[in-house]
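Naming: A, B, ... by sequence-line order, numbering from 1 per chain.
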There are 2 protein chains.
Amino acid sequence: MTYESVLTALADPTRRQIFEDLRAGPMAVTHLAESRAVSRPAVSQHLKVLQKAGLVSATARGPSRLYAVEPQGLAPLRDYLDTVWGDVLSAFAQEVKAQMQERSDTSTWEQET
Amino acid sequence: MTYESVLTALADPTRRQIFEDLRAGPMAVTHLAESRAVSRPAVSQHLKVLQKAGLVSATARGPSRLYAVEPQGLAPLRDYLDTVWGDVLSAFAQEVKAQMQERSDTSTWEQET
DNA sequence: ACTTACCGTAAGTAATGACTTACGAAAGTG
DNA sequence: CACTTTCGTAAGTCATTACTTACGGTAAGT
């Protein structure tokens, strides 16, 4: 639900691969595990994290369970980038211009990165 | 530079707080550390990770060092969300509609989440 | 030059998390 | 009703990583 959980969920490479594999459509846990280097319980645990983050949803299909991408799960992260950082990005250009004009004389700076 | 490094950099809560604190403007390491519960070297290490991810930049200011937000650092993550998941999101609505119409008869499903 | 202030790095420790094996539950099949 | 398949969870191990203390290095002030 929160953008923090989305970030931590997408930070792990294996979990991100599983999430991206689900782009092909809903899949069962066994099918997800056999095309990967980790065991099936590991995939289940990753899916649990993804589900808690709202990125995937589970559907009982007999004894099997189909996991599918929940597209609205990425909305918190998108909103975070837009609302929290959108203003900063737009305000940055102005500030840079202002500072460069303000300190055009005091030129004792030393850029590193 | 890559969206993976951005995700791992923003996954840690302390590191994310430091990054968000820099929205107020360029700050020195000591100033960042004294308003937080971790030591100064810890902040330095976090800033190193953020710098490698392209999220912040350092500027030598006398014996001090001013760290500033690098606004273009979030671009890889934005691009990842747009290119990789933008198509999936738009294609999802159509697929859902098609599936619901296709399986309007085989109604033995059981939603969980 | 000596001192002070600010910072990065090294080394070591503690904690978080990713993974495995083992087990039990739920649902279809004979 | 047994049997099989599929899956989640528990317990434990191992690797990653976040954190601390200690140290050295650089730049300004006196």
Practice problem: Quick one: which residue pairs count as a ring-ring contact (aromatic ring centres under 6.0 Å, His included) with a foot in residues 7-54 of chain A, not counting sequence neighbours? | Solution: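 Passing the test, one end in residues 7-54 of chain A: A:Phe19-B:Trp85.
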Self-check item: Sequence-distant partners of A:Thr2, side chain to side chain donor-acceptor pair (under 3.5 Å), two or more places apart
Solution: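 A:Thr2 satisfies side chain to side chain donor-acceptor pair (under 3.5 Å) with A:Glu4, A:Ser5 once adjacent residues are dropped.
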Quiz prompt | For B:Gln17, side chain to side chain donor-acceptor pair (under 3.5 Å) partners two or more places apart | solution =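 Scan of B:Gln17 (side chain to side chain donor-acceptor pair (under 3.5 Å), adjacent residues dropped) gives B:Arg36.
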Practice problem: List the steps, then state whether side-chain contact (heavy atoms from CB on, under 4.5 Å) holds for B:Val69 with B:Leu55. | Solution: CA-CA 6 Å; B:Val69 170; B:Leu55 292 172; over 6 Å; no
Return the value, rounded to whole Å, for the distance between atom [atom1] of [X] and atom [atom2] of [N].
X       : N      : atom1 : atom2 : result
B:Leu66 : D:dA27 : CG    : P     : 15 Å
A:Arg61 : C:dA27 : CZ    : C1'   : 13 Å
B:Ile18 : D:dA18 : CD1   : P     : 11 Å
B:Met27 : C:dC6  : CE    : C1'   : 15 Å
B:Arg15 : D:dT17 : CZ    : P     : 9 Å
A:Leu50 : D:dG8  : CG    : C1'   : 15 Å
A:Arg16 : C:dG17 : CZ    : P     : 16 Å
A:His46 : D:dG8  : NE2   : P     : 13 Å

Exercise. Determine whether A:Met1 and A:Val6 make a side-chain contact, defined as any pair of heavy atoms from C-beta on separated by less than 4.5 Å.
Key: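 No; the side chains remain at least 4.5 Å from each other.
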Practice problem: Would you mind reporting whether B:Val49 and B:Asp12 have side-chain heavy atoms less than 4.5 Å apart? | Solution: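 A side-chain contact is absent here, since even the closest heavy-atom pair is not under 4.5 Å.
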Exercise. List the steps and the verdict of side-chain contact (heavy atoms from CB on, under 4.5 Å) for B:Leu81 and A:Leu81.
Key: CA-CA 11 Å; B:Leu81 292 178; A:Leu81 291 179; 4.0 Å; yes
Please tell me if [X] has a side-chain N or O lying less than 4.0 Å from either OP1 or OP2 of [N].
X       : N      : answer
B:Tyr67 : C:dG8  : yes
B:Ser44 : C:dC7  : no
A:Thr14 : C:dC19 : yes

Practice problem: Heavy atoms under 4.0 Å is the rule here; annotate nucleotides 1-6 of chain D 5' to 3' with B where the base is hit, S where only the sugar-phosphate is, and - elsewhere. | Solution: ----BB
Exercise. Begin from the C-alpha positions of A:Arg78 and A:Tyr80 and carry the test side chain to side chain donor-acceptor pair (under 3.5 Å) through to its verdict.
Key: CA-CA 5 Å; A:Arg78 285 181 176 276; A:Tyr80 170 74; over 6 Å; no
Exercise. Name the residue closer to the 5' end of DNA chain C, choosing between B:His31 and A:Val38 according to the nucleotide with the nearest heavy atom.
Key: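 Checking each residue's closest nucleotide, the 5'-ward one belongs to B:His31.
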Quiz prompt | Selection: residues 5-13 of chain A, any non-hydrogen atom under 4.0 Å of DNA chain D | solution =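 Output list: empty, so none.
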Quiz item: Do B:Ser44 and B:Lys48 pass the side-chain contact (heavy atoms from CB on, under 4.5 Å) test, and can you show the C-alpha distance, the side-chain angles, and the key distance before you say yes or no?
Solution: CA-CA 6 Å; B:Ser44 275; B:Lys48 189 179 181 181; over 6 Å; no
Quick test: give all pairs of protein nitrogen or oxygen and nucleotides 10-16 of chain D nitrogen or oxygen below 3.5 Å, distance rounded to 0.1 Å.
none

Quiz item: So which heavy atom on A:Ala58 is nearest to which on A:Arg65, and how close?
Solution: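 In this case the closest contact between A:Ala58 and A:Arg65 is CB-NH1, 4.0 Å.
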Self-check item: Contacts of type side chain to side chain contact (heavy atoms under 4.5 Å, CB included), residue A:Val43, not counting sequence neighbours
Solution: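 With sequence neighbours excluded, A:Val43 shows a side chain to side chain contact (heavy atoms under 4.5 Å, CB included) to A:Ile18, A:Val29, A:Leu32, A:Ala33, A:Val38, A:Leu47, given in chain and number order.
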Quiz item: Can you list the steps and then say if B:Glu70 with B:Val56 is a side-chain contact (heavy atoms from CB on, under 4.5 Å)?
Solution: CA-CA 5 Å; B:Glu70 202 69 25; B:Val56 302; 5.6 Å; no
